[in-house]
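When reading the values below, keep in mind they use all heavy atoms of this one structure, side chains included, and skip hydrogens, waters and symmetry mates. Every value quoted in this text rests on a predicted model; they were computed, and no experiment measured them.
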Amino acid sequence: ADVREYFRDITFQAFLTLAFTEIDFAAAEWRIPADRMKAGREHVVPLSSQAVEILTAMKGEAEPEPTAIIFAGRKGEAVSDMTLTKVMRDMGRSETVHGFRSAFKDWASEATAFPDAVSEAALAHVDGNKTRAAYRRTDFLAKRAQMMTAWAGYLEGKGGKVANLGQHRARKAAGAA
């Protein structure tokens, strides 16, 4: 497995409770219901072509159970963030699962020209300034779609330096042999 596969997997860990009923493949969108959002309102996540490709492959030809969690653990339940943290520790990584949201925000702020409001909308953050929030009625969906495409490219090594975690696994395996 190379770094692209690893980061694709990590990118999808935010989808811990994702079910196929939430994916609109034709629109390339993930619609997170309001009851699963901190702000209590639906959040639409534009999906990159890479994300749609992975989800399409996971869905396969068979019609999956609509409410089944896509990234389920052994018992069919959502994988916990502690399980993900353990996987990362086993790989010799010190980052936290929540740190991937932070990494996205840092990348958007430092390596792109996307306005801050677009990355904030991508993270479903609510503007604390009531006046500004009252006048900003957009969800930046088109710009967020462009951002997600750029982010997917970054994770694949197209446009930035990405740590090669595959090398870590190879070194660990060689040391264990």
Side-chain angles (χ1 to χ4, degrees), residues 1-91 93 95-108 114 117-127 137-156 162 165:
D2 66 12
V3 71
R4 289 174 298 165
E5 291 173 39
Y6 171 77
F7 274 109
R8 281 182 182 173
D9 289 344
I10 291 300
T11 300
F12 283 99
Q13 295 310 329
F15 291 55
L16 292 178
T17 56
L18 170 65
F20 280 112
T21 56
E22 298 173 7
I23 302 296
D24 182 337
F25 286 92
E29 293 175 350
W30 169 29
R31 295 187 166 273
I32 308 170
D35 64 346
R36 292 204 2 240
M37 295 299 300
K38 188 189 290 187
R41 63 177 185 237
E42 181 185 67
H43 182 61
V44 179
V45 179
L47 299 173
S48 67
S49 60
Q50 295 93 322
V52 171
E53 180 182 328
I54 292 167
L55 289 167
T56 300
M58 291 181 76
K59 183 177 181 186
E61 297 299 319
E63 199 56 42
E65 176 66 33
T67 57
I69 295 172
I70 296 173
F71 300 101
R74 292 183 186 146
K75 296 178 182 177
E77 298 172 351
V79 176
S80 74
D81 62 340
M82 292 309 297
T83 299
L84 300 176
T85 298
K86 182 183 180 326
V87 168
M88 292 177 62
R89 296 295 177 264
D90 290 350
M91 294 176 67
R93 305 301 302 181
E95 296 84 1
T96 64
V97 176
H98 189 75
F100 286 101
R101 287 174 56 90
S102 177
F104 167 78
K105 180 63 178 176
D106 289 346
W107 165 83
F114 290 104
V118 177
S119 61
E120 287 295 298
L123 292 168
H125 288 167
V126 176
D127 193 332
R137 298 184 183 185
T138 182
D139 62 4
F140 297 107
L141 190 60
K143 287 185 180 185
R144 288 191 295 123
Q146 293 171 354
M147 179 181 277
M148 293 298 99
T149 297
W151 175 240
Y154 173 76
L155 294 178
E156 289 185 319
V162 178
L165 300 177

Answer yes or no: is there a side-chain heavy-atom contact under 4.5 Å between Ile32 and Leu18?
no
Run the side-chain contact (heavy atoms from CB on, under 4.5 Å) test on Val126 and Arg41 for me, step by step, so that the C-alpha distance in whole Å, both residues' side-chain angles and the decisive distance to 0.1 Å come before the verdict.
CA-CA 11 Å; Val126 176; Arg41 63 177 185 237; 3.8 Å; yes
One pair to check against side-chain contact (heavy atoms from CB on, under 4.5 Å): Glu29 and Val45. What are the steps and the verdict?
CA-CA 6 Å; Glu29 293 175 350; Val45 179; over 6 Å; no
Just wondering, do Ile23 and Lys59 contact through their side chains at under 4.5 Å, heavy atoms?
no
Please check this pair: side chain of Arg101 against backbone of Leu123, looking for a donor-acceptor N/O pair closer than 3.5 Å.
yes
Phe20 vs Phe25 aromatic rings, parallel, tilted or perpendicular, using cut-offs 30° and 60°?
parallel
Could you grab the distance from atom CD1 of Ile54 to atom OG of Ser49, nearest 0.5 Å is fine?
9.5 Å
For Lys105, is the NZ atom crowded, meaning more than 12 foreign heavy atoms sit under 6.0 Å from it?
yes
Heavy-atom closest pair, residues Ala121 and Phe140:
CB-CD1, 3.9 Å
Please name all residues satisfying side chain to side chain contact (heavy atoms under 4.5 Å, CB included) with Ala34, sequence neighbours left out, ordered by chain then number.
none
Between Arg93 and Thr85, is there a donor-acceptor pair closer than 3.5 Å when you use the side chain of the first and the backbone of the second?
no
Using only atom types and a distance under 3.5 Å, with no angle test, would you say the side chain of Arg144 pairs donor to acceptor with the backbone of Asp139?
yes
Is there side-chain contact between Pro33 and Glu42, with at least one heavy-atom pair below 4.5 Å?
no
Measuring only between side-chain heavy atoms, which start at C-beta, is Leu141 closer than 4.5 Å to Pro46?
yes
For a 4.5 angstrom cut-off between non-hydrogen side-chain atoms, does Asp127 reach Glu120?
no
Met147 side chain reached by Phe104 side chain, heavy atoms, under 4.5 Å:
yes
Results of side chain to side chain contact (heavy atoms under 4.5 Å, CB included) for Asp106 - residues two or more places apart only:
Ser102
Close side-chain approach of His43 and Trp30, heavy atoms under 4.5 Å
no
Just how far is it from atom OG of Ser48 to atom CD of Glu156, taken to the nearest 0.5 Å?
7.5 Å
